[in-house]
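Structure first, commentary second.
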Amino acid sequence: MASKPSFWLMKSEPDAFSIDDLERVGREPWDGVRNYRARNFMRDEMKVGDGVLFYHSNAKPPGVIGLARVSRESFPDHTALDPDGKYHDPKHSEEEPRWFMVEVEFVEKFQSIVSLDQLKSDEGLDGMLVAMKGQRLSIQPVERSHFTRVIKLGKGATKIGTFKR
DNA sequence: GCCAACGTTGGC
DNA sequence: GCCAACGTTGGC
């Protein structure tokens, strides 16, 4: 029996990497995360096939813009090795990696963004982390019911079954 | 181990 | 551009 998938929300600034960028490249390693809680989710909990709400932050408006899926599990974030890169961390090495990432693949772009305003006001989304005050974490777990509700609000054609594994 | 200072995130 | 809410750093 396959284990049940989990659900996540991942934030990205569209100026840096948007849902359109993900659609174009198909798959993308989620590099550059330098927050321990977010790292732990990627390193310890995110599995191939898990559903991902792709969130545009620092956008007008901010909100969930589409769907992705975890396509590869935890592996070291090599951008931490590059001394000239902005994600460099001298405490990270090949022998003792400190930072990890997953790879995500494009599933679909919503017909319309599910804005943060909608996320906050929808009764079906009570308690969703991203809509709560002060919640800045760039990778967050999402409850199944919230995940399916956001898909409905986005009028996505994707069925929940897409995320079985 | 505490906590002030500093840096970052991200909505507004 | 402002600033609230965190997270990290480093002195002690």
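Worth knowing before you read on, the calculation uses all heavy atoms, side chains too, and leaves out hydrogens, waters and symmetry mates. Chain identifiers are assigned alphabetically (A, B, ...) following the order of the sequence lines, protein sequences preceding nucleic acid strands; residue numbering begins at 1 within each chain. Model, not experiment: these values are computed from the prediction.
Using a 3.5 Å distance cut-off with no hydrogens or angles, the side chains of A/T79 and A/D82 do not pair a donor with an acceptor. Checking A/S57 against A/E13 by side-chain atom types alone, no donor-acceptor pair falls below 3.5 Å.
Taking 4.0 Å as the cut-off between side-chain N and carboxylate O, A/D44 and A/R39 do not count as a salt-bridged pair.
Atom CG of A/D15 and atom P of B/dG10 are 13 Å apart (whole Å). Taking atom CG of residue A/N35 and atom P of nucleotide B/dG10, one finds them 10 Å apart after rounding to whole Å. As a whole-Å value, the separation of A/Y87 OH from B/dG7 C1' is 16 Å. The nearest whole Å value for the distance from the NZ atom in A/K86 to the C1' atom in B/dG7 is 15 Å. Whole-Å rounding puts the A/L129 CG to C/dA5 C1' distance at 15 Å. Summarising the geometry, the separation between CH2 on A/W99 and C1' on C/dG7 is reported as 11 Å, rounded to the nearest angstrom. Distance A/R34 CZ to C/dT9 P: 13 Å, rounded to the nearest Å. One can place CG of A/L137 at 10 Å from P of C/dT8, the figure rounded to the nearest angstrom.
The cationic atom of A/R37 (NZ for Lys, CZ for Arg) does not lie both less than 6.0 Å from the six-membered ring centre of A/F41 and within 45° of the ring axis.
Taking each heavy atom of A/P83 and A/L81 in turn, the nearest pair found is CD-O, 3.1 Å.
The side chain of A/K133 places an N or O atom within less than 4.0 Å of a non-bridging phosphate oxygen (OP1 or OP2) of C/dA5. For A/Y55, no side-chain nitrogen or oxygen approaches OP1 or OP2 of B/dT9 to under 4.0 Å. Distances shown here put a side-chain N or O of A/R37 below 4.0 Å from the OP1 or OP2 atom of C/dG7.
Within 4.0 Å (heavy atoms only), A/K60 reaches no atom of the nucleic acid at all.
For A/R136, whose side chain is taken as the heavy atoms from C-beta onward, the closest listed nucleotide among B/dG7, B/dC12, C/dT8 is B/dG7. Residue A/L116 places its side chain closer to B/dG11 than to any other of B/dG10, C/dC6, B/dG11.
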